[in-house]
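Quick caveat: nothing in here was measured; it's all calculated off a predicted structure. Naming convention: chains lettered A, B, ... in sequence-line order (proteins, then strands); numbering from 1 in each chain.
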Number of protein chains: 2
Amino acid sequence: MRLVVAECQAHYSGRLAAHLPRARRLIVVKADGSVLLHSDGGSYKPLNWMSPPCSMAVREPDDLQKERGVTEVWRVQHSKADDRLDIEIFDVHHDSAHELGVDPGLVKDGVEAHLQRMLAEQIDLVGPGHTLIRREYPTAIGPVDILARDAHGATVAIEIKRRGDIDGVEQLTRYVELLNRDPLLTPVRGVFAAQEIKPQARVLAIDRGFTCLTLNYEEMKGYDDVDSRLF
Amino acid sequence: MRLVVAECQAHYSGRLAAHLPRARRLIVVKADGSVLLHSDGGSYKPLNWMSPPCSMAVREPDDLQKERGVTEVWRVQHSKADDRLDIEIFDVHHDSAHELGVDPGLVKDGVEAHLQRMLAEQIDLVGPGHTLIRREYPTAIGPVDILARDAHGATVAIEIKRRGDIDGVEQLTRYVELLNRDPLLTPVRGVFAAQEIKPQARVLAIDRGFTCLTLNYEEMKGYDDVDSRLF
DNA sequence: TTGTCTATCTCGTTT
DNA sequence: AAACGAGGTAGACAA
(Lines give C-alpha, C1' and ligand atoms only; values in the text may rest on other atoms or scores of the structure.)
Protein backbone atom coordinates (compact mmCIF):
# COMPACT_ATOMS: atom_id res chain seq x y z
CA MET A 1 0.00 0.00 0.00
CA ARG A 2 1.33 3.38 -1.02
CA LEU A 3 0.20 6.54 0.72
CA VAL A 4 0.65 9.87 -0.99
CA VAL A 5 -0.47 13.24 0.27
CA ALA A 6 -0.27 15.69 -2.59
CA GLU A 7 -1.78 18.60 -4.39
CA CYS A 8 -3.63 16.94 -7.22
CA GLN A 9 -6.31 17.28 -9.82
CA ALA A 10 -8.23 14.40 -11.37
CA HIS A 11 -10.57 13.45 -14.18
CA TYR A 12 -12.72 10.37 -14.27
CA SER A 13 -14.30 9.04 -17.38
CA GLY A 14 -16.43 5.90 -17.52
CA ARG A 15 -20.13 5.55 -16.71
CA LEU A 16 -20.01 9.28 -16.23
CA ALA A 17 -17.47 12.02 -16.61
CA ALA A 18 -16.32 13.86 -13.51
CA HIS A 19 -13.68 16.38 -12.60
CA LEU A 20 -11.88 16.99 -9.34
CA PRO A 21 -10.34 20.48 -9.05
CA ARG A 22 -6.86 21.02 -7.67
CA ALA A 23 -6.56 20.48 -3.91
CA ARG A 24 -4.48 18.64 -1.35
CA ARG A 25 -5.68 15.08 -0.90
CA LEU A 26 -4.75 11.64 0.28
CA ILE A 27 -4.06 9.19 -2.53
CA VAL A 28 -4.07 5.51 -1.57
CA VAL A 29 -2.66 3.00 -4.02
CA LYS A 30 -3.52 -0.49 -2.85
CA ALA A 31 -1.60 -3.68 -3.51
CA ASP A 32 -4.19 -4.80 -6.07
CA GLY A 33 -3.63 -1.60 -8.06
CA SER A 34 -6.83 0.12 -6.97
CA VAL A 35 -6.65 3.82 -6.20
CA LEU A 36 -8.62 6.01 -3.78
CA LEU A 37 -8.66 9.81 -3.60
CA HIS A 38 -9.76 10.99 -0.17
CA SER A 39 -10.45 14.43 1.18
CA ASP A 40 -10.28 15.29 4.87
CA GLY A 41 -14.00 14.86 5.46
CA GLY A 42 -17.12 13.13 4.29
CA SER A 43 -17.77 9.53 4.95
CA TYR A 44 -15.96 6.44 3.78
CA LYS A 45 -16.61 7.08 0.11
CA PRO A 46 -13.61 8.50 -1.71
CA LEU A 47 -14.02 11.62 -3.84
CA ASN A 48 -12.87 9.54 -6.74
CA TRP A 49 -11.44 6.07 -7.19
CA MET A 50 -10.64 3.17 -9.46
CA SER A 51 -11.73 -0.33 -8.52
CA PRO A 52 -9.67 -3.42 -9.30
CA PRO A 53 -8.75 -4.91 -11.65
CA CYS A 54 -6.86 -1.91 -12.92
CA SER A 55 -3.33 -0.75 -13.60
CA MET A 56 -1.52 2.52 -13.19
CA ALA A 57 0.92 4.11 -15.64
CA VAL A 58 3.05 7.06 -14.52
CA ARG A 59 4.33 9.46 -17.14
CA GLU A 60 6.03 12.82 -17.40
CA PRO A 61 3.80 15.87 -17.82
CA ASP A 62 3.73 17.50 -21.24
CA ASP A 63 4.90 21.11 -21.67
CA LEU A 64 1.52 22.60 -20.99
CA GLN A 65 1.14 20.55 -17.82
CA LYS A 66 4.69 21.48 -16.73
CA GLU A 67 3.80 25.14 -17.06
CA ARG A 68 0.82 24.54 -14.79
CA GLY A 69 3.13 22.99 -12.21
CA VAL A 70 2.28 19.33 -12.82
CA THR A 71 5.17 17.07 -11.81
CA GLU A 72 3.68 13.67 -12.65
CA VAL A 73 0.67 12.29 -14.46
CA TRP A 74 -0.93 9.05 -13.27
CA ARG A 75 -3.28 7.20 -15.55
CA VAL A 76 -5.28 4.50 -13.83
CA GLN A 77 -7.07 2.34 -16.36
CA HIS A 78 -9.62 -0.34 -15.57
CA SER A 79 -8.62 -3.69 -17.08
CA LYS A 80 -12.06 -4.71 -18.32
CA ALA A 81 -14.28 -1.66 -18.60
CA ASP A 82 -13.56 1.62 -20.36
CA ASP A 83 -13.07 3.40 -17.06
CA ARG A 84 -10.16 5.71 -16.59
CA LEU A 85 -8.89 7.95 -13.83
CA ASP A 86 -6.30 10.57 -14.74
CA ILE A 87 -4.49 12.21 -11.85
CA GLU A 88 -2.23 15.22 -12.21
CA ILE A 89 0.22 15.47 -9.33
CA PHE A 90 1.54 18.86 -8.22
CA ASP A 91 3.50 19.15 -4.94
CA VAL A 92 3.97 15.95 -2.99
CA HIS A 93 3.83 16.37 0.79
CA HIS A 94 4.14 12.77 1.79
CA ASP A 95 4.93 9.49 0.09
CA SER A 96 5.37 6.17 1.85
CA ALA A 97 4.90 2.47 1.14
CA HIS A 98 3.78 -0.26 3.53
CA GLU A 99 3.47 -4.02 3.49
CA LEU A 100 0.13 -5.00 4.96
CA GLY A 101 -0.40 -8.61 3.96
CA VAL A 102 -3.73 -10.35 3.45
CA ASP A 103 -6.57 -9.28 5.73
CA PRO A 104 -8.65 -11.92 7.55
CA GLY A 105 -11.74 -9.79 6.86
CA LEU A 106 -14.81 -8.67 8.75
CA VAL A 107 -17.03 -11.03 10.74
CA LYS A 108 -20.68 -9.88 10.87
CA ASP A 109 -23.80 -10.74 12.80
CA GLY A 110 -27.05 -11.27 10.87
CA VAL A 111 -29.98 -8.87 10.46
CA GLU A 112 -32.76 -9.71 8.01
CA ALA A 113 -32.25 -13.46 8.19
CA HIS A 114 -32.55 -13.08 11.94
CA LEU A 115 -35.85 -11.18 11.60
CA GLN A 116 -37.21 -13.88 9.33
CA ARG A 117 -36.24 -16.68 11.69
CA MET A 118 -37.71 -14.86 14.68
CA LEU A 119 -41.00 -14.05 12.93
CA ALA A 120 -41.32 -17.69 11.87
CA GLU A 121 -40.93 -18.65 15.54
CA GLN A 122 -43.33 -15.93 16.68
CA ILE A 123 -45.78 -16.31 13.82
CA ASP A 124 -48.75 -15.28 15.96
CA LEU A 125 -47.38 -11.72 15.78
CA VAL A 126 -49.14 -11.72 12.39
CA GLY A 127 -52.38 -12.48 14.20
CA PRO A 128 -53.84 -14.99 16.67
CA GLY A 129 -54.21 -18.53 15.42
CA HIS A 130 -51.64 -18.30 12.64
CA THR A 131 -49.53 -21.35 11.88
CA LEU A 132 -46.32 -21.58 9.90
CA ILE A 133 -46.36 -23.47 6.60
CA ARG A 134 -42.69 -22.83 5.84
CA ARG A 135 -39.95 -20.24 5.48
CA GLU A 136 -38.48 -19.50 2.05
CA TYR A 137 -41.46 -21.05 0.30
CA PRO A 138 -40.26 -21.63 -3.28
CA THR A 139 -42.07 -20.16 -6.28
CA ALA A 140 -41.18 -19.66 -9.94
CA ILE A 141 -40.24 -16.04 -9.30
CA GLY A 142 -38.29 -16.66 -6.11
CA PRO A 143 -38.87 -17.77 -2.54
CA VAL A 144 -41.58 -16.17 -0.41
CA ASP A 145 -40.06 -15.20 2.94
CA ILE A 146 -42.75 -16.89 5.02
CA LEU A 147 -45.89 -18.76 4.04
CA ALA A 148 -48.45 -19.28 6.82
CA ARG A 149 -52.08 -20.20 7.40
CA ASP A 150 -54.44 -17.96 9.34
CA ALA A 151 -57.12 -18.98 11.86
CA HIS A 152 -59.69 -19.43 9.06
CA GLY A 153 -57.43 -21.66 6.96
CA ALA A 154 -56.57 -18.98 4.41
CA THR A 155 -53.00 -18.76 3.13
CA VAL A 156 -50.82 -15.80 4.17
CA ALA A 157 -47.74 -14.73 2.22
CA ILE A 158 -45.33 -12.61 4.27
CA GLU A 159 -42.63 -10.41 2.82
CA ILE A 160 -40.04 -9.28 5.36
CA LYS A 161 -37.74 -6.30 5.02
CA ARG A 162 -35.62 -4.38 7.44
CA ARG A 163 -36.83 -1.17 5.83
CA GLY A 164 -40.10 -1.52 3.98
CA ASP A 165 -40.27 0.60 0.85
CA ILE A 166 -42.23 0.50 -2.37
CA ASP A 167 -40.05 -2.18 -3.96
CA GLY A 168 -40.96 -4.63 -1.23
CA VAL A 169 -44.67 -4.03 -1.84
CA GLU A 170 -44.21 -4.67 -5.56
CA GLN A 171 -42.36 -7.86 -4.75
CA LEU A 172 -45.14 -9.02 -2.42
CA THR A 173 -47.70 -8.15 -5.10
CA ARG A 174 -45.98 -10.45 -7.59
CA TYR A 175 -45.86 -13.28 -5.05
CA VAL A 176 -49.49 -12.97 -3.99
CA GLU A 177 -50.66 -12.77 -7.59
CA LEU A 178 -48.72 -15.90 -8.47
CA LEU A 179 -49.71 -17.86 -5.38
CA ASN A 180 -53.37 -17.06 -5.92
CA ARG A 181 -53.23 -18.98 -9.20
CA ASP A 182 -52.59 -22.13 -7.19
CA PRO A 183 -56.00 -23.69 -6.37
CA LEU A 184 -54.49 -25.44 -3.34
CA LEU A 185 -53.39 -22.16 -1.79
CA THR A 186 -55.94 -19.55 -2.86
CA PRO A 187 -57.17 -17.32 -1.28
CA VAL A 188 -53.76 -15.84 -0.40
CA ARG A 189 -53.48 -12.72 1.74
CA GLY A 190 -50.37 -10.54 1.70
CA VAL A 191 -48.59 -9.30 4.80
CA PHE A 192 -45.87 -6.67 4.52
CA ALA A 193 -43.62 -6.89 7.57
CA ALA A 194 -40.68 -4.59 8.27
CA GLN A 195 -38.82 -2.90 11.10
CA GLU A 196 -39.81 0.38 9.52
CA ILE A 197 -42.45 0.93 6.83
CA LYS A 198 -42.11 4.03 4.69
CA PRO A 199 -45.36 6.05 4.37
CA GLN A 200 -45.54 5.65 0.58
CA ALA A 201 -45.02 1.93 0.89
CA ARG A 202 -47.75 1.68 3.52
CA VAL A 203 -50.23 3.51 1.32
CA LEU A 204 -49.44 1.27 -1.64
CA ALA A 205 -49.60 -1.89 0.48
CA ILE A 206 -52.99 -0.99 1.90
CA ASP A 207 -54.21 -0.04 -1.58
CA ARG A 208 -53.22 -3.52 -2.73
CA GLY A 209 -55.15 -5.02 0.15
CA PHE A 210 -52.14 -6.09 2.18
CA THR A 211 -51.70 -5.96 5.92
CA CYS A 212 -48.77 -3.94 7.27
CA LEU A 213 -46.86 -5.27 10.24
CA THR A 214 -44.17 -3.26 11.98
CA LEU A 215 -41.59 -5.51 13.61
CA ASN A 216 -39.97 -4.55 16.89
CA TYR A 217 -36.53 -6.12 16.62
CA GLU A 218 -35.55 -5.64 20.24
CA GLU A 219 -38.87 -6.97 21.52
CA MET A 220 -38.73 -10.00 19.26
CA LYS A 221 -35.13 -10.63 20.29
CA GLY A 222 -36.15 -10.40 23.93
CA TYR A 223 -38.85 -12.99 23.36
CA ASP A 224 -36.26 -15.07 21.51
CA ASP A 225 -33.87 -14.85 24.45
CA VAL A 226 -36.53 -15.75 26.99
CA ASP A 227 -37.46 -18.65 24.77
CA SER A 228 -33.84 -19.74 24.62
CA ARG A 229 -33.47 -19.51 28.37
CA LEU A 230 -36.56 -21.67 28.97
CA PHE A 231 -35.35 -24.58 26.82
CA MET B 1 -5.84 13.97 8.57
CA ARG B 2 -3.88 11.40 10.49
CA LEU B 3 -2.50 8.29 8.82
CA VAL B 4 -1.57 5.32 10.93
CA VAL B 5 -0.35 1.96 9.71
CA ALA B 6 -0.58 -0.48 12.57
CA GLU B 7 -1.39 -3.96 13.74
CA CYS B 8 -4.90 -3.62 15.05
CA GLN B 9 -8.09 -5.37 15.99
CA ALA B 10 -11.54 -3.79 16.03
CA HIS B 11 -15.12 -4.24 17.17
CA TYR B 12 -18.08 -2.39 15.76
CA SER B 13 -21.42 -2.22 17.47
CA GLY B 14 -24.40 -0.28 16.18
CA ARG B 15 -26.85 -1.32 13.45
CA LEU B 16 -25.04 -4.61 13.61
CA ALA B 17 -22.19 -6.13 15.55
CA ALA B 18 -18.98 -6.92 13.72
CA HIS B 19 -15.47 -7.97 14.58
CA LEU B 20 -12.19 -7.41 12.78
CA PRO B 21 -9.42 -9.85 13.74
CA ARG B 22 -5.87 -8.68 14.32
CA ALA B 23 -3.97 -7.64 11.20
CA ARG B 24 -1.87 -4.81 9.81
CA ARG B 25 -4.08 -2.08 8.37
CA LEU B 26 -4.27 1.55 7.38
CA ILE B 27 -6.17 3.71 9.85
CA VAL B 28 -7.30 7.09 8.55
CA VAL B 29 -8.54 9.66 11.04
CA LYS B 30 -10.12 12.55 9.17
CA ALA B 31 -10.34 16.14 10.31
CA ASP B 32 -14.05 15.74 11.10
CA GLY B 33 -13.23 12.87 13.47
CA SER B 34 -14.39 10.08 11.17
CA VAL B 35 -12.26 6.95 11.04
CA LEU B 36 -11.59 4.45 8.26
CA LEU B 37 -9.90 1.06 8.57
CA HIS B 38 -8.54 -0.07 5.22
CA SER B 39 -6.91 -3.29 4.14
CA ASP B 40 -4.59 -3.54 1.15
CA GLY B 41 -7.28 -4.67 -1.25
CA GLY B 42 -11.00 -4.61 -2.02
CA SER B 43 -11.11 -0.94 -2.78
CA TYR B 44 -13.56 1.80 -2.02
CA LYS B 45 -15.18 0.46 1.11
CA PRO B 46 -13.19 0.25 4.31
CA LEU B 47 -13.29 -2.94 6.35
CA ASN B 48 -14.74 -0.89 9.15
CA TRP B 49 -15.39 2.76 9.80
CA MET B 50 -17.20 5.43 11.78
CA SER B 51 -19.03 8.22 10.00
CA PRO B 52 -19.19 11.77 11.31
CA PRO B 53 -20.29 13.24 13.58
CA CYS B 54 -18.21 11.24 16.01
CA SER B 55 -15.36 11.63 18.43
CA MET B 56 -12.40 9.53 19.43
CA ALA B 57 -11.11 8.85 22.94
CA VAL B 58 -7.71 7.26 23.42
CA ARG B 59 -7.02 5.34 26.61
CA GLU B 60 -4.44 2.98 28.09
CA PRO B 61 -5.03 -0.74 27.73
CA ASP B 62 -6.08 -2.66 30.83
CA ASP B 63 -3.87 -5.42 32.22
CA LEU B 64 -5.46 -8.13 30.14
CA GLN B 65 -5.04 -6.07 26.98
CA LYS B 66 -1.42 -5.27 27.91
CA GLU B 67 -0.70 -8.95 28.20
CA ARG B 68 -2.07 -9.44 24.69
CA GLY B 69 0.30 -6.74 23.44
CA VAL B 70 -2.21 -3.90 23.07
CA THR B 71 -0.47 -0.52 23.37
CA GLU B 72 -3.48 1.78 22.94
CA VAL B 73 -7.24 1.54 22.82
CA TRP B 74 -9.22 3.91 20.62
CA ARG B 75 -12.93 4.29 21.19
CA VAL B 76 -14.73 6.07 18.37
CA GLN B 77 -18.26 6.96 19.41
CA HIS B 78 -20.93 8.37 17.13
CA SER B 79 -22.34 11.62 18.50
CA LYS B 80 -26.00 10.93 17.77
CA ALA B 81 -26.53 7.21 17.30
CA ASP B 82 -25.45 4.37 19.55
CA ASP B 83 -22.69 3.38 17.14
CA ARG B 84 -19.28 2.60 18.48
CA LEU B 85 -16.00 1.44 17.03
CA ASP B 86 -13.37 0.09 19.41
CA ILE B 87 -9.88 -0.29 18.02
CA GLU B 88 -7.06 -2.06 19.81
CA ILE B 89 -3.67 -0.91 18.58
CA PHE B 90 -0.66 -3.24 18.71
CA ASP B 91 2.55 -2.28 16.90
CA VAL B 92 2.53 1.04 15.05
CA HIS B 93 4.49 1.06 11.79
CA HIS B 94 3.68 4.55 10.64
CA ASP B 95 2.01 7.60 12.08
CA SER B 96 1.78 10.98 10.38
CA ALA B 97 -0.52 13.99 10.30
CA HIS B 98 -1.35 16.25 7.37
CA GLU B 99 -3.22 19.48 6.80
CA LEU B 100 -5.47 19.09 3.77
CA GLY B 101 -7.89 21.98 3.94
CA VAL B 102 -11.42 22.02 2.56
CA ASP B 103 -11.96 20.15 -0.68
CA PRO B 104 -13.73 21.89 -3.57
CA GLY B 105 -15.49 18.60 -4.28
CA LEU B 106 -16.39 16.58 -7.33
CA VAL B 107 -17.92 18.14 -10.41
CA LYS B 108 -20.10 15.70 -12.33
CA ASP B 109 -21.38 15.64 -15.84
CA GLY B 110 -25.03 14.90 -16.20
CA VAL B 111 -26.47 11.44 -16.39
CA GLU B 112 -30.20 10.96 -16.18
CA ALA B 113 -31.06 14.65 -16.04
CA HIS B 114 -29.01 15.19 -19.18
CA LEU B 115 -30.72 12.30 -20.95
CA GLN B 116 -34.09 13.72 -19.95
CA ARG B 117 -33.27 17.19 -21.22
CA MET B 118 -31.93 15.85 -24.50
CA LEU B 119 -34.89 13.54 -25.11
CA ALA B 120 -37.27 16.42 -24.42
CA GLU B 121 -35.42 18.41 -27.09
CA GLN B 122 -35.34 15.46 -29.49
CA ILE B 123 -38.83 14.18 -28.66
CA ASP B 124 -39.35 12.82 -32.19
CA LEU B 125 -36.91 10.05 -31.26
CA VAL B 126 -39.99 8.54 -29.60
CA GLY B 127 -41.68 8.59 -33.00
CA PRO B 128 -42.52 11.03 -35.81
CA GLY B 129 -45.02 13.73 -34.99
CA HIS B 130 -44.56 13.64 -31.22
CA THR B 131 -44.76 16.90 -29.30
CA LEU B 132 -43.63 17.68 -25.79
CA ILE B 133 -46.25 18.47 -23.15
CA ARG B 134 -43.76 18.94 -20.34
CA ARG B 135 -40.83 17.47 -18.44
CA GLU B 136 -41.30 16.37 -14.81
CA TYR B 137 -45.07 16.27 -15.17
CA PRO B 138 -46.35 16.24 -11.59
CA THR B 139 -48.63 13.48 -10.28
CA ALA B 140 -49.70 12.35 -6.82
CA ILE B 141 -47.11 9.58 -6.83
CA GLY B 142 -44.25 11.67 -8.19
CA PRO B 143 -43.28 13.47 -11.39
CA VAL B 144 -43.40 11.69 -14.75
CA ASP B 145 -40.07 12.22 -16.54
CA ILE B 146 -41.65 13.37 -19.80
CA LEU B 147 -45.25 13.72 -20.90
CA ALA B 148 -45.82 14.06 -24.64
CA ARG B 149 -48.51 13.77 -27.29
CA ASP B 150 -48.21 11.48 -30.27
CA ALA B 151 -49.20 12.16 -33.88
CA HIS B 152 -52.75 10.94 -33.19
CA GLY B 153 -53.25 13.13 -30.15
CA ALA B 154 -52.82 10.34 -27.61
CA THR B 155 -50.84 11.03 -24.44
CA VAL B 156 -47.42 9.42 -24.01
CA ALA B 157 -45.77 8.98 -20.59
CA ILE B 158 -42.01 8.46 -20.81
CA GLU B 159 -39.88 7.01 -18.06
CA ILE B 160 -36.17 7.58 -18.53
CA LYS B 161 -33.40 5.57 -16.93
CA ARG B 162 -29.71 5.24 -17.56
CA ARG B 163 -30.08 1.54 -17.06
CA GLY B 164 -33.56 0.19 -17.59
CA ASP B 165 -34.42 -2.55 -15.17
CA ILE B 166 -37.60 -4.03 -13.74
CA ASP B 167 -38.03 -1.26 -11.16
CA GLY B 168 -38.31 1.34 -13.89
CA VAL B 169 -41.05 -0.64 -15.64
CA GLU B 170 -42.99 -0.93 -12.38
CA GLN B 171 -42.62 2.82 -11.89
CA LEU B 172 -43.89 3.50 -15.42
CA THR B 173 -46.79 1.11 -14.82
CA ARG B 174 -47.91 3.10 -11.79
CA TYR B 175 -47.72 6.37 -13.70
CA VAL B 176 -49.61 5.12 -16.74
CA GLU B 177 -52.32 3.56 -14.57
CA LEU B 178 -52.76 6.80 -12.66
CA LEU B 179 -52.66 9.07 -15.69
CA ASN B 180 -55.23 6.93 -17.48
CA ARG B 181 -57.74 7.82 -14.76
CA ASP B 182 -57.57 11.42 -15.95
CA PRO B 183 -60.26 11.88 -18.64
CA LEU B 184 -58.30 14.78 -20.11
CA LEU B 185 -55.23 12.63 -20.72
CA THR B 186 -56.51 9.11 -21.44
CA PRO B 187 -55.56 7.13 -23.45
CA VAL B 188 -52.01 7.20 -22.13
CA ARG B 189 -49.28 5.06 -23.70
CA GLY B 190 -46.10 4.18 -21.82
CA VAL B 191 -42.61 4.51 -23.25
CA PHE B 192 -39.66 3.02 -21.41
CA ALA B 193 -36.49 4.80 -22.50
CA ALA B 194 -32.98 3.92 -21.33
CA GLN B 195 -29.40 3.77 -22.49
CA GLU B 196 -29.52 0.07 -21.84
CA ILE B 197 -32.63 -2.04 -21.27
CA LYS B 198 -32.18 -5.29 -19.35
CA PRO B 199 -33.82 -8.29 -21.10
CA GLN B 200 -36.14 -9.00 -18.16
CA ALA B 201 -37.23 -5.38 -18.08
CA ARG B 202 -37.87 -5.41 -21.81
CA VAL B 203 -40.06 -8.50 -21.55
CA LEU B 204 -42.05 -6.99 -18.70
CA ALA B 205 -42.40 -3.64 -20.47
CA ILE B 206 -43.68 -5.24 -23.67
CA ASP B 207 -46.02 -7.44 -21.64
CA ARG B 208 -47.46 -4.29 -20.10
CA GLY B 209 -47.96 -2.82 -23.55
CA PHE B 210 -45.17 -0.28 -23.34
CA THR B 211 -42.77 0.75 -26.06
CA CYS B 212 -39.05 0.31 -25.37
CA LEU B 213 -36.66 2.94 -26.60
CA THR B 214 -32.91 2.51 -26.39
CA LEU B 215 -31.18 5.86 -26.13
CA ASN B 216 -27.83 6.42 -27.78
CA TYR B 217 -26.17 8.96 -25.49
CA GLU B 218 -23.30 9.83 -27.82
CA GLU B 219 -25.60 10.25 -30.80
CA MET B 220 -28.04 12.41 -28.85
CA LYS B 221 -25.17 14.48 -27.51
CA GLY B 222 -23.86 14.89 -31.05
CA TYR B 223 -27.26 16.13 -32.16
CA ASP B 224 -27.29 18.38 -29.13
CA ASP B 225 -23.87 19.80 -30.01
CA VAL B 226 -24.80 20.37 -33.65
CA ASP B 227 -27.94 22.06 -32.44
CA SER B 228 -25.90 24.25 -30.11
CA ARG B 229 -23.50 25.16 -32.87
CA LEU B 230 -26.30 26.23 -35.19
CA PHE B 231 -27.79 28.73 -32.78
C1' DT C 1 -20.38 -16.20 -14.63
C1' DT C 2 -24.71 -13.86 -14.04
C1' DG C 3 -28.48 -12.12 -11.63
C1' DT C 4 -30.58 -10.49 -7.48
C1' DC C 5 -30.82 -8.31 -3.08
C1' DT C 6 -28.77 -5.97 0.88
C1' DA C 7 -26.30 -2.04 2.94
C1' DT C 8 -23.23 0.46 9.58
C1' DC C 9 -24.92 1.93 2.19
C1' DT C 10 -23.49 7.38 0.72
C1' DC C 11 -25.12 11.44 -1.40
C1' DG C 12 -27.98 14.54 -3.32
C1' DT C 13 -32.59 16.95 -3.65
C1' DT C 14 -37.02 17.91 -2.19
C1' DT C 15 -40.79 18.35 1.08
C1' DA D 1 -35.54 17.22 9.73
C1' DA D 2 -37.43 13.55 7.11
C1' DA D 3 -38.22 11.25 2.95
C1' DC D 4 -37.31 9.89 -1.62
C1' DG D 5 -34.35 8.51 -5.47
C1' DA D 6 -29.94 7.50 -7.71
C1' DG D 7 -25.41 5.48 -7.58
C1' DG D 8 -19.05 4.82 -11.59
C1' DT D 9 -23.50 2.16 -6.17
C1' DA D 10 -20.18 -2.06 -3.78
C1' DG D 11 -20.58 -6.55 -1.81
C1' DA D 12 -22.66 -10.98 -0.88
C1' DC D 13 -25.01 -14.89 -2.08
C1' DA D 14 -27.72 -18.03 -5.05
C1' DA D 15 -28.56 -19.98 -9.60
**Complete:** Residues passing the ring pair (Phe, Tyr, Trp, His ring centres under 6.0 Å) test with A:W74, sequence neighbours excluded, are none
**Message:** Distance check needed: D:dA2 C1' versus A:R202 CZ, whole Å only.
**Reply:** 16 Å
**Message:** Using a strict threshold of under 4.0 Å (side-chain N to carboxylate O), is an ion pair present between B:D145 and B:R135?
**Reply:** no
**Asked** In whole angstroms, how far is the P atom of D:dG5 from the CG atom of A:L204?
**Response** 11 Å
**Fill in**
Whole-Å distance, B:I160 CD1 to D:dG7 P, equals 13 Å
**Request:** Answer yes when A:E88 and A:R68 have at least one side-chain N-carboxylate O distance shorter than 4.0 Å, and no when they do not.
**Result:** yes
**Prompt:** Is a donor on one side and an acceptor on the other found under 3.5 Å between the side chain of B:Q77 and the backbone of B:D83?
**Reply:** yes
**Prompt:** Nearest nucleotide by nearest heavy atom, which residue falls closer to the 5' end of DNA chain C, A:K80 or B:G14?
**Reply:** A:K80
**Request:** Tell me what A:M50 touches on the nucleic acid: a base, only sugar-phosphate, or nothing, going by heavy atoms under 4.0 Å.
**Result:** base
**Message:** How many whole angstroms separate atom CG of A:L16 from atom P of D:dA6?
**Reply:** 15 Å
**Message:** Using a 4.0 Å heavy-atom cut-off to protein, can you give one letter per nucleotide of nucleotides 9-15 of chain C, 5' to 3': B if the base is in contact, S if only the sugar-phosphate is, - if neither?
**Reply:** SSS----
**Message:** What contact category does A:L106 fall into here, base, sugar-phosphate, or nothing, at under 4.0 angstrom with non-hydrogen atoms?
**Reply:** base
**Prompt:** Within this structure, what is the CG-to-C1' distance between A:L172 and C:dC5, rounded to whole angstrom?
**Reply:** 16 Å
**Request:** Identify whether the distance between the nearest side-chain nitrogen and carboxylate oxygen of A:E170 and A:R174 falls below 4.0 Å.
**Result:** no
**A:H19 and A:H11 aromatic ring geometry - parallel, tilted or perpendicular at 30°/60° bounds** = tilted
**Request:** Write down the distance between CD (A:E170) and C1' (D:dG5), rounded to a whole number of angstrom.
**Result:** 15 Å
